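Have a look at the structure below, then the notes.
This one's a predicted model, so the numbers in the text were calculated from it and none came from an experiment.
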Amino acid sequence: MPDFSPAWQPAGPPPPLGVGSRLRHPFRGRRLRTEITGDRAVVHLSGEITSGYARRLGTDLAELLRSEIALLVIDLGKVTYLSSDGAGMIFIALRAARSHGTRVIATHVGPQSRATLEQLGLLRIVDVYAGDGPNLSQGTGE
């Protein structure tokens, strides 16, 4: 097997952000997919969200908020386990969101994830929805 592989090459600059664009950096290779449409970003998380990468994920979410989005949707629909450390990344995102005037909501929150968010007191400061959330097809819903 050769030592050289295109996978080891730098990816280059991220694509320009715009309507319908997909943000590939800095999340490439992680258990999430991000879509930016207008002034809304939807971050689809999957798998186990634990301390193993929660700090980096929170930092990446804070970087995403520099894009001047009005609404950050954290979709937990494919999350199989959310640890308290993993949910801590939402605190990091919230701190950055408040300084940018961005609303943060969590959607498709299952029972285990909801229990973790409740235990940490996040249900008082983040809007949490079992389904899609309010008017997500209509921009920010405000």
- [ ] Could you grab the distance from atom CG of D132 to atom CG of D75, nearest 0.5 Å is fine?
- [x] 8.0 Å
TODO: Look up atom CZ in R95 and atom CG in L65, then write down how far apart they are to the nearest 0.5 Å.
DONE: 11.5 Å
Open item on the list: Do Y81 and T116 make a side-chain contact, defined as non-hydrogen atoms from C-beta onward lying under 4.5 Å apart?
Closed with: no
Open item on the list: How long is the straight-line distance from OG1 of T102 back to CD of E68, given to the nearest 0.5 Å?
Closed with: 9.0 Å
TODO: Using a 4.5 Å cut-off on heavy atoms from C-beta on, say whether the side chain of V126 contacts that of L94.
DONE: yes
Open item on the list: With heavy-atom distances below 4.5 Å as the criterion, would you say the side chains of L117 and L82 are in contact?
Closed with: yes
- [ ] Check whether any side-chain N or O of S113 sits under 3.5 Å from a backbone N or O of G110 as a donor-acceptor pair, and report yes or no.
- [x] no
- [ ] Would you name the heavy atoms of L120 and S84 that are closest together and state the gap between them?
- [x] CD1-O, 3.6 Å
Open item on the list: Between S83 and I49 (side chain of the first, backbone of the second, donor and acceptor by atom type, cut-off under 3.5 Å), is there such a pair?
Closed with: yes
Open item on the list: How long is the straight-line distance from OG1 of T80 back to CD of E48, given to the nearest 0.5 Å?
Closed with: 4.5 Å
Open item on the list: With side-chain contact (heavy atoms from CB on, under 4.5 Å) as the test, pick out the partner of I125 among L123, L122, D127.
Closed with: L122
TODO: Taking the side chain as every heavy atom from C-beta outward, state whether I105 and V128 have any pair of such atoms under 4.5 Å apart.
DONE: no
Task: L45 side chain reached by H108 side chain, heavy atoms, under 4.5 Å - done: no
TODO: Nearest 0.5 Å please: distance from the CG atom of L76 over to the NE2 atom of H44.
DONE: 11.0 Å
Open item on the list: If I take atom CZ from residue R124 and atom CD from residue E118, how far apart are they, to the nearest 0.5 angstrom?
Closed with: 9.5 Å
Task: side-chain contact (heavy atoms from CB on, under 4.5 Å) partner of V43, chosen from L64, V73, I36 - done: L64
TODO: Would you check if the side chain of E35 reaches a backbone N or O of A41 as a donor-acceptor pair within less than 3.5 Å?
DONE: no
